[in-house]
Asks: 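Got a structure here, written out as structure tokens. Questions coming.
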Amino acid sequence: MGAMCWPSESELNVIRTKVAEMSGRDSKEVKVVESPYRICPLGAHIDHQGGVVSAMTIDKGILLGFVPSDDSQVLIQSGQFNGELRFSIDEPQLPRSAAESNNSGEVKSSSSSHEEFSWGNYIRGALYALQKRGNHLKKGIIGFISGAEGLDSSGLSSSAAVGVAYLLAFESANNLVISPSENIEYDRLIENEYLGLKNGILDQSAILLSSYGCLTCMNCKTKEYMLIRSPELNGNHTNDVMKKFKILLAFSGLKQALTTNPGYNQRVAECREAANILLHASGSKELEPLLSNVEPEAYEKHKDKLDPNLAKRSEHYFSENKRVIEGLEAWESGNLEKFGKLISASGLSSIQNYESGCEPLIQLYEILLKAPGMYGARFSGAGFRGCCIAFVDADKALDAASFVRNEYRKIQPELASQISDDGAVLICDAGDCARVI
Ligand code: GLA
């Protein structure tokens, strides 16, 4: 456990007081789910192909205060969105595409914007996942959910943090004992089936498994994971690797939800198409078309059969897998310089091979690479919007943050003006896994 400063007692009290008001219960009865945001230093965009990924959480995230209801009713309000959501847990949940054609959304809001109307999808998705796996829920929850200001839709996986928070709250209210591995699968049902995003299991694995001081490593094909502890160089805390770096979050000002951006699912389809061609060429066409089913030697032998775009997506997959493996060793031996270089190389591959960036994010990445004390940087999350993450020397973090803020403002004045000066670059520490307190 590190010296965690999130959530603060005052943040928790705000949530507890709010839920006490909503439910008429004593604030001491209110439980809070802490569900942190995640970063993926190495392993971008290979989880959906069954690759090996690395991840950790940061000391910021989603808080969901709740009490079990007396009956099956759910009542939820949000700190970021207007309106409130009411429904019964006895209602069978359908994937969103089916539910929308039945016109069943019911967030009551003074505004009819799509975003406000749809914030309730995650709690319904959590219920969908629990129902689908045969859990019998008796109690709803009365709850209030709140994310860190300005960090939604930023590529830190606020959506998985929200999904996990609702799962943990329903499970706690109904005394269900569900393992982290099962919850990884439940969150997959929310994202892949309920919301229709073809993503992998990186986000929820990071949120559910991470432990301060460790790098989480998940094999997305076998679902086996390891927590790789950083070395304390000589047992003296001032030499602890965890104290030698800070995580910078540098925001581009671009926001767009993944489920409304076709880029993500399109890249997944391209990877599958490439896998299909390579598997056919290497005589393994019976295997599911995932790049993790293609042996690296078969890729080398048959890559000339891929058109240029599919060749680039595959090159990203195979080179990123190698970077993850090298990165795990670098982390374990406390070699932050090497770890950082691999992160920046991963960022470059996202730009050149996976082509998931956009101009402002690429500019931000390039600025970060020039910042004082920089170990390494890359886009966060899907990389179509949101922020870049960077590992930076702890002693130079403040200088790096102001360098990045100033340089980005010079080349993207309009986007930069949409972010407050305080919020443009945040300095964070690593975090822990999601939990109910
Ligand atoms: C999003 C997806 C993840 C993963 C990352 C990119 O966060 O939800 O499954 O693919 O993008 O690494």
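Each ligand, and each atom within it, is numbered from 1 in the order the structure gives. Worth saying up front: this structure is predicted, and the values here are computed from it rather than measured.
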Asks: Tell me, with the steps shown, if Glu270 and Lys312 meet salt bridge (charged side-chain N to carboxylate O under 4.0 Å, His left out).
Replies: CA-CA 10 Å; Glu270 288 167 350; Lys312 283 192 259 178; over 6 Å; no

Asks: Under 6.0 Å between the ring centres of Phe339 and Phe391?
Replies: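 Between Phe339 and Phe391, the centre distance is under 6.0 Å.
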
Asks: Counting distance only, does the side-chain N/O of Gln131 pair as donor-acceptor with the main-chain N or O of Leu94 below 3.5 Å?
Replies: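 Side chain of Gln131 to backbone of Leu94: no pair is present.
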
Asks: Answer with side chain, backbone, both or neither: which part of Arg38 has a heavy atom less than 4.0 angstrom from an atom of ligand 1?
Replies: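 Arg38 to ligand 1: side-chain contact only, backbone stays beyond 4.0 Å.
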
Asks: Give a yes/no verdict on whether any heavy atom in Gly200 is under 4.0 Å from an atom of ligand 1.
Replies: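 A heavy atom of Gly200 does come that close to ligand 1.
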
Asks: What are the atoms of ligand 1, with element, lying closer than 4.0 Å to any heavy atom of Asp47?
Replies: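 So the atoms of ligand 1 that pass are 3 (C), 4 (C), 9 (O), 10 (O).
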
Asks: Please could you name the atoms of ligand 1 that Tyr264 approaches to less than 4.0 Å, counting only its heavy atoms?
Replies: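 Those atoms are 1 (C), 2 (C), 3 (C), 4 (C), 9 (O), 10 (O), 11 (O).
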
Asks: With under 30° as parallel and over 60° as perpendicular, where do the rings of Tyr354 and His316 fit, or are they tilted in between?
Replies: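 It falls in the tilted class, 30° to 60°.
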
Asks: Side chains of Arg378 and Ser350: closer than 4.5 Å at any heavy-atom pair?
Replies: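 They are in side-chain contact.
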
Asks: Can you find an N/O atom of Asp203 closer than 3.5 Å to an N/O atom of ligand 1?
Replies: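 Such a contact does occur with ligand 1.
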
